[in-house]
Amino acid sequence: MTIKTNNLTSIILYIFLTAFLFASTNTYSTNFSNSTSNNNTSTSILNNQRRNNKNVLILHSYHKGFSWTDRIMKGISSVLEDKNIELFVNYMDTKHCSNDDYFELLYQIYKEKYSNVRFDAILSSDDHALNFLLQYKEELFPGVPVVFCGINDFHPERIKNYTNVTGTYETYDILSTLKLIHKLHPNVSSVAVINDGTVSGQAFINRVKRVEKNLQNTFKIDYISDLPLQEMQTRLSNLSSKSVVIWGIYVRTPDGKTLTYQESVEFTRSSTQLPIYCIWDVVGSGVIGGKITNPVYQGEKASELVLQILKGKKAENLAVSGSPMVYKFDNNILQEHHISESELPAESIIINKNHSIYEQYKNIIWIVIIIITILVLIIITLSHLLKKINSTSKVLQLTNKELALAKDKAEESDRLKTCFLANLSHEIRTPMNGIIGFSELLAYKNITPEKHHKYLKLIKSSSQRMLNLINNLIDISIIETKQMNCNIDLINLQDVMTNMYQFFLPSANKKGLLLTYENKLQDDSFQFNSDQQKLEQIITNLVMNAIKFTKSGKITLSCEKQNGKLYFLVEDTGIGIDKNLQDAIFDRFRRNESTTTRTEEGSGLGLAISKSLVEMMDGEIGVQSEINKGSKFYFTLPIR
Ligand code: ADP
């Protein structure tokens with residue numbers, strides 16, 4: 001190729017474009033985070049060669065900022081980035097200039113720019129880039145495989161004479177969109193297709209025309225093509241209410257105005273209230289949607305082919321295929337036209353969807369649920385642990401209480417035994433001293449008969465006291481060893497009671513006490529089966545205590561039938577017993593230390609023996625007493 005140096009315009013254009021294209025070239029390595037600028041391109045190239053990375057030239061037909069191209073680039077980046085591939089991205093900007101001179105100048109620029117770079121693959125987007133490469137590639141980049149994408153109206157003939165070329169072409173499914181329009185708007189009688197006079201625009205009309213015959217007269221199609229903005233607006237606003245619009249491609253007006261996709265869709269929307277469908281992915285700009293071809297998918301698919309080539313596959317062995325298509329809709333616009341999601345194809349992508357609170361915050365909700373579940377589990381576990389700790393501490397408290405009680409009991413028992421032994425020693429020594437002492441006095445020759453009589457009496461009472469003690473000790477040990485038996489016999493109660501009264505009357509009188517016997521039996525000959533000796537022993541213990549602990553007043557002995565039992569009572573007007581001690585006095589060795597002075601004889605066994613004897617005969621024993629007022633000792637026996 002030679003530059004037509006005689007063409008001044010071309011030279012100026014050449015200088016201008018050289019500056020522009022250097023400025024519009026992005027060279028960056030996908031394995032480095034920093035993109036290299038044009039100023040250090042050669043450094044990058046050298047570095048790249050040293051690293052033995054793959055070099056891929058990306059040649060876009062249009063300019064950076066053109067939404068379609070940017071989205072193809074997005075697809076390319078998503079596949080080729082971070083794979084040790086250095087991308088040399090160039091934008092041919094053919095929306096603004098696309099004549100032969102321009103392409104020749106581009107050739108010169110690329111030749112100069114990449115004279116030191118060996119590319120492993122070239123990826124082209126849209127028609128101009130592919131055409132340019134088919135024309136100049138073997139001189140610019142000999143032998144380098146080319147992968148194209150975004151090609152309208154592709155026909156295999158187009159690359160028939162070229163080796164090392166493969167790619168993906170834009171596929172359209174206009175018929176599916178038209179059928180969907182018929183389904184969603186059954187009353188629609190015409191579909192207005194708007195497009196411009198560009199190659200793409202005209203190609204689109206041809207495509208629609210090819211499928212029009214398949215519509216079977218469901219509605220007619222109006223082609224509103226290549227009009228200036230004002231006229232286009234008028235045509236759109238005059239459409240009947242039984243129409244819908246298909247936004248074909250309307251980005252260039254015959255009077256030279258250029259619109260972005262976004263601007264064009266917004267213009268269309270402002271010109272008509274009718275539903276607008278699309279074939280290209282301009283969903284989100286104000287159209288309902290349709291079965292669309294998506295530039296991102298095309299970029300991705302072409303990049304996958306590039307990857308295979310970089311791995312060693314030959315381009316001619318990779319089949320040329322169509323780009324993927326999807327049904328895509330904008331929920332906001334669907335709602336405007338009262339179209340429900342259920343009427344759309346099942347696999348549709350729906351943007352701007354009103355997600356339920358659950359869908360919107362699905363992750364947060366699940367995280368919160370999981371956290372709450374974990375917290376609940378922790379709380380349950382902790383409460384179980386607490387319960388266990390509580391029950392353990394209760395057991396420990398109980399054990400401690402029981403231990404304290406047992407300790408108290410042991411100490412009490414020890415104290416009682418010490419007390420008993422001291423008392424026993426006193427109880428043995430006192431009568432023994434009496435017996436021995438008065439026996440010695442009896443030995444004196446010159447004692448008077450009165451004194452002799454007195455000493456004998458004292459020896460007798462001391463012996464009696466001694467005998468009582470020994471009897472008590474024997475009884476308690478027989479009871480303890482469970483060897484005591486009952487000798488049941490028929491006894492006359494009146495006789496027993498009268499004898500007891502007679503027996504104790506002298507001792508009571510001697511102490512100045514009034515002893516009475518109240519016979520409440522009514523029947524003097526009342527007899528019952530019991531152990532007379534034990535009955536007398538119990539009454540003896542109670543009456544002796546009453547005499548012992550009563551300084552003045554009276555003692556009453558009584559017996560009566562109550563609730564089918566015999567009820568015995570020994571009542572005195574003595575010193576009484578503290579409420580707290582009334583149960584304890586029936587324990588062995590227990591004496592009421594606060595009221596009992598050492599001068600009053602007693603081993604602390606009498607009531608314990610009496611209780612055992614009563615229980616042995618299936619009766620009950622108890623006391624009611626008040627300090628300084630007196631005591632009532634009672635016991636019951638069954639009538640047998
Ligand atoms: P003791 O041989 O000491 O009398 P008991 O077992 O018969 O032994 O009596 C135990 C204690 O009960 C007595 O030491 C006394 O403190 C108290 N007691 C018993 N009977 C009476 C009573 N009628 N009046 C006051 N206290 C009594």
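One-based numbering, in listed order, for ligands and for the atoms of each. Predicted model only: the values in this text are computed from it and were never measured.
Contact atoms of ligand 1 toward I585: 12 (O) (distance under 4.0 Å to a heavy atom of the residue). The ligand atoms of ligand 1 that sit less than 4.0 angstrom from a heavy atom of L605 are 6 (O), 8 (O). Close contacts between ligand 1 and S631 involve ligand atoms 24 (N) [criterion: under 4.0 Å to a heavy atom]. Listed by atom number, the atoms of ligand 1 under 4.0 Å from I575 heavy atoms are 25 (C). If you number the atoms of ligand 1 from 1 as listed, the ones under 4.0 Å from a heavy atom of K548 come out as 1 (P), 2 (O), 4 (O).
Side chains of T556 and S558: no donor on one and acceptor on the other come within 3.5 Å. A donor atom on one side chain and an acceptor atom on the other are not found under 3.5 Å apart for Q537 and N471. With no hydrogens or angles considered, no side-chain donor-acceptor pair links E304 and Q308 at under 3.5 Å.
Residue contacts with ligand 1: N541 is excluded, as none of its non-hydrogen atoms falls under 4.0 Å. Ligand 1 is never approached by M544 to a heavy-atom distance shorter than 4.0 Å. Note on ligand 1: F633 sits in its first shell, one or more heavy atoms being nearer than 4.0 Å. Under a 4.0 angstrom heavy-atom cut-off, G574 registers as lying outside contact with ligand 1.
Considering backbone and side-chain atoms together, G606 places an N or O closer than 3.5 Å to an N or O of ligand 1.
When the heavy atoms of N472, I577, T573 are ranked by distance to atom 26 (N) of ligand 1, first place goes to I577.
Remark: side-chain polar atoms of D531 are paired, donor with acceptor, to backbone N or O of N487 under 3.5 angstrom.
Electrostatic pairing of K454 and E450 does not count as a salt bridge here, judged by no charged N lying under 4.0 Å from a carboxylate O.
Under 4.0 angstrom from ligand 1, the non-hydrogen atoms of D572 all belong to its side chain. If you look at L607 next to ligand 1, the close heavy atoms, those under 4.0 Å, come from the backbone and the side chain alike.
The number of heavy atoms from other shown groups lying within 6.0 Å of CE (M432) does not exceed 12. Taking a 6.0 Å sphere around NZ of K183, one finds it holds more than 12 heavy atoms contributed by other residues, nucleotides or ligands.
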Ignoring hydrogens and angles, write down the donor-acceptor pairs under 3.5 Å from the side chains of residues 631-640, residues two or more places apart or on other chains.
unit_1, atom_1, unit_2, atom_2, d
S631, OG, S625, OG, 2.8
T636, OG1, E620, N, 3.1
R640, NH2, D618, OD2, 2.2

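Residues F568 and M497 are in side-chain contact: their nearest non-hydrogen atoms beyond the backbone lie under 4.5 Å apart.
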